[in-house]
Amino acid sequence: MQFHYIGNAAHTSSSGRTIPVIDPSDGQPFDELQRGSADDIDAAVRSARQCYDSVWSKLSAAERGRLLMRLAEAVAEHADELAALEQRDCGKPTRQARADAVALVRYFEYYAGACDKLHGHTLPYLDGYSVLTWREPHGVTGHIIPWNYPMQIFGRSVGGALAAGNVCVVKPSEDACLSLIRVAQIAAEVGFPAGAINVVTGLGHEVGDSLARHPGIDHVSFTGSPSVGTLIQQVAAERHCPVTLELGGKSPQIVFADADLDAALPMIVNAIVQNAGQTCSAGSRLLVERSLYEPLLERLGVAFENLRVGPAAMDLDVGPLIRASQQQRVWDFLSDAHVAGIATVAQGQVVEEAPESGFYQAPTLLRDVPVDHRLAQEEVFGPVLAAMSFRDEDQAVQLANATRFGLVAGIWTRDGGRQLRMAKRVRSGQVFINNYGAGGGVELPFGGVKSSGYGREKGFEALYGFTTLKTVAIRHG
Ligand code: NAD
């Protein structure tokens, strides 16, 4: 049985209800979570406020940094344990789960070093005045986290908030809580004061909603779907609470005829099959210059046919999807493609050892997807790549910008002028030229434009969002 973690102690939900934890590799329950309530959120916010007022806000930036560094070291020592938890909970192949634990360590290391480098400025003003700005924490921050990369998103969101001097109340996804409850326990073990990091589990429309509405929450960092992002924004607007929204994407990989295909191909494949395509920044649209279209599809088709899908512990190319409803969602998209006469170029293979009750989906490469079809417009959140061709640079830009999203774009060309022209014209929060990282390293600011959200997490930039600026004008004559 799993418990909330509030004020450095396990806490049973006031609702007395629980949620089963399902292993996506076989569809079977193996643990239980607390189904939290508004009362549990209230307890967590009170614990956080008490910590902020009496301890956390009195620590120096250097002391916060030391604590975060201790947490990074402890997480590194527990990396295999955390990876195993997330593997079972989310169906991540072993290499992916371990990479996520390493990324969590990196976030804490990065933000440990950043604590005492965040400062304001002095400003020129009238004669007889000195003006300075202070970067101040919001206070108690709320963090609503999705199921696809729990450790990574906890690291970037909570790591940045703590470094900037805030305390945190975290609401993980009901589909993926185990690793985060354990990280909060590890934080207590290395000396984080009670109330600095609180984790309350439960359903989105119950616990998540209560968190976003709670008057004691001073800032909400939400990572998840655009539709829930809208609800969060509306709820927060009622009390003018600032929010950061990290939402979805339909990111294009734009390949020109002069691209280095040996470099591009494995990255194009990985960008859509990593985490079974359940990545906000998945490269889910492939735009290819016309003269390269057929030869590229031929090579990609071979690569897709060689992909193997199976239980997380087998550590194949692709693991299961998170849950049955996600699998059904992908099937619905593929069935729509079939009805619209969209051709499949190639599919990977689900291995025989995969239990029938697991949530598996073979990676699928589709061609000539019309730009207005939902497969070219909406997030599938599964390993489905929609290919289309373009005539020239102008049409490439037009297609790249033709969705409501703007999270990440990949550009593959050897022409230096075109690299920069395209990077300027594509509307997205990140652009990768001749490489593609799903969000990139911890140092790189990340976030979207349009319906992909606003505000930035990761890198130093995140610290500006996790603080508010106070201007102090002193008249001294
Ligand atoms: P989701 O929006 O369903 O859930 C995200 C979180 O919000 C969960 O913790 C959920 O319990 C909670 N929630 C649900 N309803 C709520 C409500 N009414 N009020 C408050 N909280 C509520 O998203 P998901 O299915 O968990 O994750 C997939 C989505 O997340 C995709 O759209 C993906 O692109 C996006 N995502 C974005 C990023 C990014 O950084 N831009 C990263 C990862 C995932």
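No experiment lies behind these values; they were computed from the predicted model shown. When a ligand or atom number is given, it counts from 1 through the structure's own listing order. Keep in mind that the numbers below use all heavy atoms, side chains included, and drop hydrogens, waters and symmetry copies.
- At least one test fails for R156 against the ring of F446: distance under 6.0 Å to the centre or angle within 45° of the axis.
- The ligand atoms of ligand 1 that sit less than 4.0 angstrom from a heavy atom of E174 are 10 (C), 11 (O).
- Against a heavy-atom cut-off of under 4.0 Å, P226 is close to the following atoms of ligand 1: 32 (O).
- In terms of protein heavy-atom proximity, atom 12 (C) of ligand 1 is closest to I144 CG2, 3.7 Å.
- Ligand 1 lies nowhere less than 4.0 angstrom from a heavy atom belonging to D175.
- Distances from atom 3 (O) of ligand 1 to the heavy atoms of S225, C177, G248, G224 put S225 nearest.
- Protein heavy atom nearest atom 36 (N) of ligand 1, with residue, atom name and distance: C280 CB, 3.5 Å.
- Y107 and Y111 have parallel rings, their planes meeting at less than 30° on a 0 to 90° scale where 60° marks the start of perpendicular.
- Between F108 and F154, the ring-plane angle classifies as perpendicular under the 30° and 60° cut-offs.
- Between P383 and T364, the closest side-chain pair of non-hydrogen atoms is not below 4.5 Å.
- Of the protein's non-hydrogen atoms, P146 CB, 3.4 Å is the one closest to atom 27 (O) of ligand 1.
- Applying the side chain to side chain contact (heavy atoms under 4.5 Å, CB included) test between D31 and each of V21, L85, I19 identifies V21 as the sole match.
- Residues L321 and F381 have side chains not in contact (no heavy-atom distance under 4.5 Å, counting atoms from C-beta outward).
- Looking from atom 25 (O) of ligand 1 to the surrounding protein, the closest heavy atom is W147 NE1, 2.9 Å.
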(message) Walk me through whether R35 and D40 qualify under salt bridge (Lys or Arg N to Asp or Glu O under 4.0 Å).
(response) CA-CA 10 Å; R35 179 164 166 182; D40 301 324; over 6 Å; no
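- The side-chain tip of R374 points at the ring of F333 from less than 6.0 angstrom away and within 45° of straight on.
- At least one heavy atom of P172 sits closer than 4.0 Å to an atom of ligand 1.
- Taking distance alone, with nitrogen or oxygen atoms compared against 3.5 Å, S452 stays at or beyond that limit from ligand 1.
- Ligand 1 places these atoms under 4.0 Å from at least one heavy atom of I153: 42 (C), 43 (C).
- For ligand 1, the atoms sitting less than 4.0 Å from at least one non-hydrogen atom of E246 are 37 (C), 38 (C), 39 (C), 40 (O), 41 (N), numbered in the order shown with element in parentheses.
- Heavy-atom contacts of N148 reach the following atoms of ligand 1: 43 (C), 44 (C) (cutoff under 4.0 Å).
- Between T223 and ligand 1, no N or O atom pair is found at a separation short of 3.5 Å.
- Put simply, atom 34 (O) of ligand 1 has protein non-hydrogen atoms near it, under 4.0 Å away.
- No more than 12 heavy atoms of other residues, nucleotides or ligands shown are found within 6.0 angstrom of CD on Q50.
- By the 3.5 Å distance cut-off applied to N or O atoms, L231 is not counted among the residues near ligand 1.
- You'll find the side chain of T413 stays beyond 4.5 Å of the side chain of M422, heavy atoms only.
- Assignment of R156 to the shell around ligand 1 is supported, since a heavy atom sits closer than 4.0 Å.
- Without hydrogens or angle criteria, D332 side chain to V330 main chain gives no donor-acceptor distance under 3.5 Å.
- The closest approach between a heavy atom of G447 and any atom of ligand 1 is not below 4.0 Å.
- Every atom of ligand 1 is numbered from 1 in the order shown, and the set under 4.0 Å from a heavy atom of K171 is 9 (O), 10 (C), 11 (O).
- Taking CG from N166 and OG from S221, the interatomic distance works out to 10.5 Å, rounded to the nearest 0.5 Å.
- Contact annotation for E379 and ligand 1: only side-chain heavy atoms (C-beta onward) come within less than 4.0 Å of the ligand.
- By the salt bridge (charged side-chain N to carboxylate O under 4.0 Å, His left out) test, R17 pairs with no residue at all, sequence neighbours left out.
- Contact annotation: F381 has at least one heavy atom less than 4.0 Å from an atom of ligand 1.
- The shortest contact between atom 41 (N) of ligand 1 and any protein heavy atom is with L247 O, 2.6 Å.
- Remark: side-chain polar atoms of N198 are paired, donor with acceptor, to backbone N or O of G7 under 3.5 angstrom.
- When only interatomic distances are considered, the shortest N/O to N/O separation between I145 and ligand 1 falls below 3.5 Å.
- A cation-pi geometry, defined here as NZ or CZ lying under 6.0 Å from the six-membered ring centre and within 45° of its normal, does not hold between K171 and F222.
- Within ligand 1, the atoms closer than 4.0 Å to a non-hydrogen atom of G208 are 19 (N), 20 (C), 21 (N), numbered from 1 in the order shown.
- Among protein heavy atoms, the minimum distance from atom 13 (N) of ligand 1 is reached at G204 CA, 3.3 Å.
- Contacts of F446 with ligand 1, taken as heavy-atom pairs under 4.0 Å, involve the side chain alone.
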